[in-house]
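Only one structure is covered here, and it is reproduced in the block below.
Given the structure is predicted, the values throughout are model-derived calculations rather than measurements.
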Amino acid sequence: MSSSPLSSPRISVAPVRSEPVSPRADGAVPLSRPLSRAGVVARLRAAGCVFAEDEAELLCSAARTADGLAAMVERRVLGIPLEHVVGWAEFHGRRVAVDPGVFVPRRRTEFLVDQAIGLGRRSAARTGRPTVVVDLCCGSGAVGAVLAAALDRVELYAADIEPAAVRCARRTIGAAGGKVFAGDLFDALPAGLRGRIDVLVANVPYVPTEEVGLLPPEAREHEPLVALDGGADGLDVLRRVTAAAPGWLAPQGHLLVETSERQASRAVEAFTRHGLLPRVAGSDELHATVVIGTRPATGEGTP
């Protein structure tokens with residue numbers, strides 16, 4: 001992975017005020033000088049950006065004009081997420097479009113994608129048909145797009161409740177040959193998918209309500225609350241997904257959900273309660289925890 005801040009943990013910046021431009025002796029206000037790369041670094045560093053040099057390189061590369069660069073730097077200094085400023089995030093080696101107001105894909109979610117790729121390939125080898133993949137709570141569509149690229153043959157669907165996310169994902173998922181639907185979890189999906197899904201990835205919100213205020217300002221002020229707030233213990237949406245998933249999964253189909261390490265045991269209980277065979281996978285490197293539930297094969301106690 002690149003060391004770019006776009007593939008690093010979320011970065012917080014403290015808003016700073018721009019210095020006023022002093023008028024000349026004749027009363028005219030001089031035009032501001034074009035920002036140099038060093039000048040961009042200095043402004044970002046003053047605003048508290050941890051990766052000021054890397055961010056400056058990205059902003060200078062993304063800007064088409066001097067005025068455009070100045071505007072991008074100003075937005076970043078005001079605390080707008082870097083991904084929203086440049087319009088994309090690096091995820092699993094790909095550039096994925098991220099519009100303003102859309103949840104920014106986290107690097108730790110690449111671990112969930114890796115697990116899903118392995119399961120999808122095994123499913124295709126077992127069934128001999130295209131893998132049916134659903135990206136639930138899809139946000140930008142990053143997870144689904146990577147899965148479509150990694151799997152040889154895939155039938156891809158995605159859904160989100162946020163209109164901005166749906167618009168963004170339709171460009172990304174559509175380019176991968178998939179379809180995106182707007183609505184609340186499974187209510188958004190075509191009924192014809194019931195009992196057919198081989199790989200169901202659900203990047204549900206799992207931050208407890210009382211902890212949302214502890215998130216970096218970039219997240220809590222610029223990303224949709226519905227993509228962050230997981231309810232009292234952070235598992236409200238996960239429980240809704242696990243309750244409905246068995247009716248949508250194909251026999252031996254898999255549900256993958258990202259959670260925190262401390263929530264994993266309660267998440268496993270929810271999977272088990274609804275007849276899914278659970279296991280927990282984790283990555284120390286990415287600080288990622290994923291719970292995977294498998295619907296038993298027909299005749300093995302399928303709910």
Intermediate values then yes/no, side-chain hydrogen bond (donor to acceptor under 3.5 Å, both in side chains), D229 and T209: CA-CA 5 Å; D229 190 343; T209 300; 2.7 Å; yes
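- Within a 6.0 Å radius of CD in E221, other residues, nucleotides and ligands contribute more than 12 heavy atoms.
- How far CD of E110 is from NE2 of H92: 6.0 Å, rounded to the nearest 0.5 Å.
- Here the CG-OG1 distance, from D114 to T109, works out to 11.0 Å after rounding to the nearest 0.5 Å.
- To the nearest 0.5 Å, the span separating NE2 on H254 from CD on Q115 amounts to 11.5 Å.
- No donor-acceptor pair closer than 3.5 Å links the side chain of E155 to the backbone N or O of T131.
- Of all the heavy atoms in L156 and G144, the pair that sits closest is CD2-O, 3.5 Å.
- Across every non-hydrogen atom of P278 and F271, the tightest pair is CB-CB, 4.0 Å.
- When all heavy atoms are compared, the tightest approach of D160 to G139 is OD2-N, 2.8 Å.
- With salt bridges taken as basic N to acidic carboxylate O contacts below 4.0 Å, none links D152 and R121.
- Residues I117 and V290 fall within the same hydrophobic cluster, defined by Ile, Leu, Val, Met, Phe, Trp and Tyr side chains chained together at heavy-atom separations under 4.5 Å.
- In this structure the side chain of P296 reaches within 4.5 angstrom of the side chain of L277, judged on heavy atoms.
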Derivation of the salt bridge (charged side-chain N to carboxylate O under 4.0 Å, His left out) call for E55 and R37: CA-CA 10 Å; E55 292 200 21; R37 184 182 182 282; over 6 Å; no
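- The ring-ring contact (aromatic ring centres under 6.0 Å, His included) with F186 is formed by just one residue from the set W248, Y157, F181; it is W248.
- Checked by atom type and distance alone, the side chain of R108 never pairs as donor or acceptor with a backbone atom of L286 at under 3.5 Å.
- Residue W88 holds its CH2 atom at 8.0 Å from CG of L82, rounded to the nearest 0.5 Å.
- Put simply, CE on M72 and CG on L35 are 12.0 Å apart, with the number rounded to the nearest 0.5 Å.
- Looking at heavy atoms from C-beta onward, C138 lies out of side-chain contact with V143 at the 4.5 angstrom threshold.
- Using a 4.5 Å heavy-atom cutoff, the side chains of L249 and L276 are in contact.
- Residues V85 and V41 fall into different hydrophobic clusters, defined by Ile, Leu, Val, Met, Phe, Trp and Tyr side chains chained together at heavy-atom separations under 4.5 Å.
- The pair E90-R107 does not count as a salt bridge, with every side-chain nitrogen at least 4.0 angstrom from each carboxylate oxygen.
- By the criterion of side-chain heavy atoms lying less than 4.5 angstrom apart, applied directly or through intervening Ile, Leu, Val, Met, Phe, Trp or Tyr residues, L228 is not grouped with I161; the two fall into different hydrophobic clusters.
- Within the 4.5 Å cutoff, the side chain of L225 has no heavy atoms near those of the E162 side chain.
- Side-chain N or O atoms of R45 include none that pairs as donor or acceptor with a backbone N or O of C49 at under 3.5 Å.
- Residues V113 and F103 fall into different hydrophobic clusters, defined by Ile, Leu, Val, Met, Phe, Trp and Tyr side chains chained together at heavy-atom separations under 4.5 Å.
- R239 approaches T242 most closely through the heavy-atom pair O-OG1, 3.0 Å.
- L185 places a side-chain heavy atom less than 4.5 Å from the side chain of V237.
- Judged purely by atom type and a 3.5 angstrom limit, T172 has no side-chain atom pairing as donor or acceptor with the backbone of A169.
- No hydrogens or angles considered: nothing links the side chains of H84 and D99 as a donor-acceptor pair under 3.5 Å.
- Around atom CD of E261, no more than 12 heavy atoms belonging to other residues, nucleotides or ligands sit under 6.0 Å away.
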Stepwise side-chain hydrogen bond (donor to acceptor under 3.5 Å, both in side chains) check, Y206 with Q263: CA-CA 9 Å; Y206 56 90; Q263 294 168 318; over 6 Å; no
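- The same ILVMFWY cluster, assembled from side-chain heavy atoms under 4.5 Å apart, contains both L189 and V204.
- Counting only N and O atoms by type, the side chains of Q252 and S123 include no donor and acceptor under 3.5 Å apart.
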Side chain to side chain contact (heavy atoms under 4.5 Å, CB included) between T289 and R262, worked out: CA-CA 9 Å; T289 301; R262 65 187 172 91; over 6 Å; no
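- No side-chain donor-acceptor contact under 3.5 Å links R196 to the backbone of A250.
- Remark: of the listed residues E83, E223, E258, E218, E223 is the sole one forming a salt bridge (charged side-chain N to carboxylate O under 4.0 Å, His left out) with R106.
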Check against side chain to side chain contact (heavy atoms under 4.5 Å, CB included), V199 and V134: CA-CA 6 Å; V199 177; V134 170; over 6 Å; no
Steps toward side chain to side chain contact (heavy atoms under 4.5 Å, CB included) verdict (L256, L200): CA-CA 6 Å; L256 299 91; L200 171 60; over 6 Å; no
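- Looking at R153, its side chain does come within 3.5 Å of a backbone N or O of G128 through a donor-acceptor pair.
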Side chain to side chain contact (heavy atoms under 4.5 Å, CB included) assessment of L119 paired with R122: CA-CA 5 Å; L119 293 171; R122 287 196 284 276; 3.4 Å; yes
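- Minimum interatomic distance between P130 and V154 (heavy atoms only, all atoms of both residues): CB-N, 4.2 Å.
- In this structure, L112 CG and L147 CG are separated by 8.0 Å, a value rounded to the nearest 0.5 Å.
- Pairing each heavy atom of A145 with each of I173, the nearest pair is N-CD1, 3.7 Å.
- Checking side-chain atoms of D135 against main-chain N and O of A158 turns up no donor-acceptor pair under 3.5 Å.
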